[in-house]
Amino acid sequence: DEIGFKEIEINLKNSVNNVEISVTKLDAKPASITHEITGKVYQYIEIKKENIKDEDINNAVIEFKIEKEWLLSSNAGENDAVLNRYVNSWEELETSKISSDETYAYYKAITPSFSYFAISVKEKPVPEVVKLLEEQKKQVYQQLIDADAIMQELSGQAQSIYQQIE
């Protein structure tokens, strides 16, 4: 599995030299983090920095991607994605969708500093889920009505064929 982050653009307040940034995809939420994230997580990622302090950073723009297949299997839309940063708890970063292709949806988010990150989808509020289920129920009901009409028509045709045979 490849890392979800595509690009990191760091906007500096102060001049710095010999900066090292390392980006690591984690297999799971770090054990040191006890807080759970709301919603389903696509990837946990850690960004470490050397020779640069938080006060040197104005902000950073992180571009990332999510597989559309994963979004679909998570019952999420392309606009439900968010990048979260861990400080003392998880905080949602300002995230916006940039584009999408056949395989991925692409996003960017702004962060004030580096830490642990989680690419996730927002949990849908219960009323939204209920509304979705109601719509699906209506569709299924309509399909049953259509199927019943077809069955009645076939039954009528079968009866007329049977009468012709007699």
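This one's a predicted model, so the numbers in the text were calculated from it and none came from an experiment.
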Asker: By side-chain contact (heavy atoms from CB on, under 4.5 Å), which residues pair with L144, not counting sequence neighbours?
Answerer: V140
Asker: With the 4.5 Å side-chain cut-off for hydrophobic clustering, are F5 and I66 part of the same group?
Answerer: yes
Asker: So, using salt bridge (Lys or Arg N to Asp or Glu O under 4.0 Å) as the criterion, who are the partners of K137 when residues are at least two apart?
Answerer: E134
Asker: Side chains of residues 47-55: which donor-acceptor partners sit under 3.5 Å, not counting sequence neighbours?
Answerer:
residue	atom	partner	partner atom	Å
K49	NZ	D54	OD1	3.2
N51	ND2	N18	O	2.6

Asker: With sequence neighbours left out, write down each residue that passes side chain to side chain donor-acceptor pair (under 3.5 Å) with Q152, or none if nothing qualifies.
Answerer: D148
Asker: Could you check whether any side-chain heavy atom of P30 comes within less than 4.5 Å of a side-chain heavy atom of E46, counting everything from C-beta outward?
Answerer: no
Asker: What about L72 and Y107, same hydrophobic cluster or not, with Ile/Leu/Val/Met/Phe/Trp/Tyr joined at side-chain heavy-atom distances under 4.5 Å?
Answerer: no
Asker: Nearest 0.5 Å, what's the CG-CG distance between L93 and N59?
Answerer: 11.0 Å
Asker: Is it the case that one hydrophobic cluster holds both I119 and V121, taking links as side-chain heavy atoms less than 4.5 Å apart, direct or via other members?
Answerer: yes
Asker: Identify, with sequence neighbours excluded, every residue that meets side chain to side chain donor-acceptor pair (under 3.5 Å) alongside N88.
Answerer: none
Asker: With a cutoff of under 4.5 Å between side-chain heavy atoms, which Ile, Leu, Val, Met, Phe, Trp and Tyr residues group with W90?
Answerer: L26, I33, I37, V41, Y44, Y86, Y116
Asker: For E135, I'd like to know if atom CD has over 12 heavy atoms of other residues, nucleotides or ligands within 6.0 Å.
Answerer: yes
Asker: From S113 OG over to N58 CG, what is the distance, rounded to the nearest 0.5 angstrom?
Answerer: 12.0 Å
Asker: Show your reasoning for whether side chain to side chain contact (heavy atoms under 4.5 Å, CB included) applies to L83 and T111.
Answerer: CA-CA 9 Å; L83 184 62; T111 182; 5.9 Å; no
Asker: Tell me the closest heavy-atom pair linking A81 and T95, and the distance in Å.
Answerer: O-CG2, 3.9 Å
Asker: Quick check: are there more than 12 heavy atoms from other residues, nucleotides or ligands sitting under 6.0 Å from CD of E91?
Answerer: yes
Asker: Quick one: list whatever passes salt bridge (Lys or Arg N to Asp or Glu O under 4.0 Å) with E63, sequence neighbours left out.
Answerer: none
Asker: Find out whether D80 and L71 are in side-chain contact, i.e. whether some heavy atom of one side chain is under 4.5 Å from a heavy atom of the other.
Answerer: no
Asker: Please name all residues satisfying salt bridge (Lys or Arg N to Asp or Glu O under 4.0 Å) with K108, sequence neighbours left out, ordered by chain then number.
Answerer: none
Asker: Is there a side-chain contact between V23 and F117, using heavy atoms and a 4.5 Å cut-off?
Answerer: no
Asker: Identify whether I10 and V61 are in the same connected component of the hydrophobic contact network (ILVMFWY, side-chain heavy atoms under 4.5 Å).
Answerer: no
Asker: What is the minimum heavy-atom distance between A105 and K68, and which atoms define it?
Answerer: N-CG, 4.1 Å
Asker: Check whether I3 and F114 end up in the same hydrophobic cluster, where Ile, Leu, Val, Met, Phe, Trp and Tyr are linked by side-chain heavy atoms less than 4.5 Å apart.
Answerer: yes
Asker: Can you give me the closest heavy-atom contact between K13 and I57, atom names plus distance?
Answerer: CE-O, 3.6 Å
Asker: Who are the side chain to side chain donor-acceptor pair (under 3.5 Å) partners of K97, not counting sequence neighbours?
Answerer: E78
Asker: Excluding sequence neighbours, so at least two apart, what forms salt bridge (Lys or Arg N to Asp or Glu O under 4.0 Å) with E36?
Answerer: K29
Asker: Could you report the tightest heavy-atom contact between E2 and Q43, atom names first, then the distance?
Answerer: O-NE2, 2.8 Å
Asker: Using only atom types and a distance under 3.5 Å, with no angle test, would you say the side chain of S115 pairs donor to acceptor with the backbone of R85?
Answerer: no
Asker: Applying ring-ring contact (aromatic ring centres under 6.0 Å, His included), name anything that partners Y104, two or more places apart in sequence or on another chain.
Answerer: none
Asker: D101: what forms a side chain to side chain donor-acceptor pair (under 3.5 Å) with it, not counting sequence neighbours?
Answerer: Y106
